[in-house]
Amino acid sequence: MKELKPIKEGKVREIYDNGDSLIMVATDRISCFDVILNNVVTKKGTVLTQMSKFWFDLTEDILPNHMISVDVKDMPEYFQQEKFDGNSMMCRKLNMLPLECIVRGYITGSGWASYQKTGKVCGIELPEGLKESDKLPEPIYTPSTKAEIGDHDENISFEQSIDHLEKYYPGKGKEYAEKLRDYTIALYKKCAEYALSKGIIIADTKFEFGLDEQGNIVIGDEMLTPDSSRFWPAEGYEPGHGQPSFDKQFARDWLKANPDNDWTLPQEIVDKTIEKYLLGYEMLTGKKLV
């Protein structure tokens, strides 16, 4: 069996060309602050893939997604190895749109920092007197451009997103920008409401979309995973400070508190991180990850 090489390697994912489809493998690597850490977080890739599958299935009524199968039996023989089982997804090929579509339902992170300085988040005026981690009156859409690995994404306004898309798709910038915004908010609202019923607050998340061969907008990449979202436990939620989370914020906090970390987490932090990921998955889906 000949070894296949990925055509693209991201910080966490590896993408293989499978002729008329792609195979996306979520590895157990973990990245924080755009740097790949020296640790491996066992099972993390499986959580990311299975959680994306769960959300793709839940939101098919809003728009199509790129998933074909997460069963390695549907994939070439090379992927029928233990290391690919559970963390691989066969997907439709899309022409990915050059935006990260970020939606914020609560004020936290860089949004909170910006609000304290200017009363705005990504140019959007917000009500006065909000506290850290407050729920926003309505979710806000704050797109960013996609950066190459090693660079940072740049937040842009909705108007700038029209111009940015227009550069790539002349005559379509406004149409695509409006659709991306509307889909992003519709997906977030449905999923945040569902998650809340399971005891999880989705504070913010990012989606990526592409075009299929017919020019329809399709959701691609990953969806509402602990890597692309902030998940908080609803129990004990109180505005006025940061919240505990089910994502890699735990690892980020340790790195910030230990600046001479050499991008390596202690094993106990790695264990607690995967524990958070697994608990988040179980609460949302009602299933244990085997």
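What you see below is based on every heavy atom in this structure, not just the backbone, and it leaves out hydrogens, waters and symmetry mates.
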Considering non-hydrogen atoms only, spot the tightest contact between Ser52 and Thr225 and give its length.
OG-CG2, 3.4 Å
For the residue pair Pro266 and Trp254, establish whether any side-chain heavy-atom pair is separated by less than 4.5 Å.
yes
Nearest-0.5 Å distance, CD1 of residue Ile269 to CG of residue Leu37:
12.0 Å
Tell me whether Lys248 contacts the main-chain N or O of Ser31 through its side chain, where contact means a donor paired with an acceptor under 3.5 Å.
yes
Cationic N near anionic O, under 4.0 Å, Lys174 to Glu178:
yes
Main-chain N/O of Ser69 paired to Asp74 side chain as donor or acceptor, under 3.5 Å:
no
Assess whether a salt bridge exists between Lys131 and Glu238, defined as any Lys/Arg side-chain N lying under 4.0 Å from an Asp/Glu carboxylate O.
no
If Ile, Leu, Val, Met, Phe, Trp and Tyr residues are connected whenever their side-chain heavy atoms lie under 4.5 Å apart, and connections chain through other members, are Ile200 and Val47 in the same group?
yes
Does the side chain to side chain contact (heavy atoms under 4.5 Å, CB included) test come out yes or no for Met223 and Thr59, once each step is laid out?
CA-CA 10 Å; Met223 184 172 181; Thr59 54; 3.6 Å; yes
Relative to Tyr106, does Arg230 satisfy both conditions: NZ or CZ under 6.0 angstrom from the six-membered ring centre, and within 45 degrees of the ring's axis?
no
Residues Ile162 and Ala177: closest non-hydrogen pair is CG1-CB, 3.6 Å
Side-chain donor/acceptor of Asn18 to backbone N/O of Ile23, under 3.5 Å
no
Has the side chain of Ser114 got a donor or acceptor atom that lies under 3.5 Å from a matching backbone atom of Ser110?
no
Are there over 12 heavy-atom neighbours, none belonging to Glu128, within less than 6.0 Å of that residue's CD?
no
Other residues, nucleotides and ligands only: do more than 12 of their heavy atoms fall within 6.0 Å of NZ on Lys135?
no
Nearest-0.5 Å distance, CG of residue Asp85 to CG of residue Asp71
8.0 Å
Would you say that Leu99 contacts Tyr176 through its side chain, given a criterion of any heavy-atom pair below 4.5 Å between the two side chains?
no
Taking Gly19's backbone N and O only, do any of them form a donor-acceptor pair with Lys93's side chain (distance below 3.5 Å, no angle check)?
yes
Answer yes if Ile201 and Tyr281 sit in the same cluster of Ile, Leu, Val, Met, Phe, Trp and Tyr residues linked by side chain heavy atoms under 4.5 Å apart, and no otherwise.
yes
When you measure from the side chain of Thr49 to the backbone of Asn87, do you find a donor-acceptor pair of N or O atoms at a distance under 3.5 Å?
yes
Interatomic distance, Gln267 atom CD to Thr273 atom OG1 [nearest 0.5 angstrom]
10.0 Å
Is a donor on one side and an acceptor on the other found under 3.5 Å between the side chain of Asn155 and the backbone of Ser144?
no
Honestly curious: do Trp112 and Ile102 fall in one hydrophobic cluster under the side-chain, below-4.5 Å linking rule?
no
Less than 4.0 Å between a side-chain N and a carboxylate O, is that true for Glu282 and Lys288?
yes
Would a 4.5 Å heavy-atom cut-off, applied to side chains only, mark Met90 and Phe79 as touching?
no
Check: Tyr78 ring centre within less than 6.0 Å of Phe84 ring centre:
yes
Test side chain to side chain contact (heavy atoms under 4.5 Å, CB included) applied to Asp34 and Lys11, step by step:
CA-CA 8 Å; Asp34 291 328; Lys11 292 188 279 276; 3.4 Å; yes
Side-chain donor/acceptor of Thr285 to backbone N/O of Lys287, under 3.5 Å:
yes
Minimal heavy-atom distance between Pro143 and Ser157, with the atoms involved, is CG-O, 4.2 Å
Basic-acidic side-chain contact under 4.0 Å: Asp163, Lys167
no
Is there a side-chain contact between Phe54 and Cys191 in this structure, where contact means two heavy atoms from C-beta onward sitting under 4.5 Å apart?
no
Contact check, side chains of Trp263 and Asn39, non-hydrogen atoms, under 4.5 Å
no
Check: Glu14 side chain, Ala26 main-chain N or O, donor-acceptor pair, under 3.5 Å:
no
Roughly how far apart are Phe33 CZ and Lys256 NZ, rounded to 0.5 Å?
5.0 Å
Does any part of the side chain of His66, heavy atoms only, come nearer than 4.5 Å to the side chain of Met89, both counted from C-beta?
yes
Could you tell me which non-hydrogen atom of Ile124 sits nearest to which non-hydrogen atom of Tyr141, and how far apart they are?
CD1-O, 3.6 Å
If you round to the nearest 0.5 Å, how far is OG of Ser229 from CZ of Phe207?
7.0 Å
Interatomic spacing from CG in Asn258 to CG in Asp253 - rounded to 0.5 Å:
11.0 Å
Is the number of heavy atoms from other residues, nucleotides or ligands within 6.0 Å of CD (Glu82) greater than 12?
no
If every non-hydrogen atom of Ser133 is compared with every non-hydrogen atom of Gly242, which pair is closest and at what distance?
OG-CA, 3.9 Å
Going by atom types only, do Asp227 and Tyr277 share a side-chain donor-acceptor pair under 3.5 Å?
yes
Going by heavy atoms in the side chains, are Ile107 and Leu136 under 4.5 Å from each other?
yes
Derivation and outcome, side chain to side chain contact (heavy atoms under 4.5 Å, CB included), residues Phe231 and Ile202:
CA-CA 5 Å; Phe231 292 154; Ile202 302 174; 3.7 Å; yes
Run the side chain to side chain contact (heavy atoms under 4.5 Å, CB included) check on Arg29 and Glu9 step by step: do they pass?
CA-CA 12 Å; Arg29 295 193 291 265; Glu9 277 195 75; 3.8 Å; yes
Minimal heavy-atom distance between Tyr237 and Pro233, with the atoms involved, is CB-O, 4.0 Å
Between Leu58 and Phe246, is there shared hydrophobic-cluster membership here, with clusters defined by ILVMFWY side-chain heavy atoms closer than 4.5 Å?
yes
Say whether Met96 and Leu180 are linked into one hydrophobic cluster, either directly or through other cluster members, by side-chain heavy-atom distances under 4.5 angstrom.
no
Checking the side chain of Tyr188 only, and the main-chain atoms of Ile140 only, is there a donor and an acceptor separated by less than 3.5 Å?
no
Do Glu208 and Leu97 come close enough that some side-chain heavy atom pair is under 4.5 Å?
no
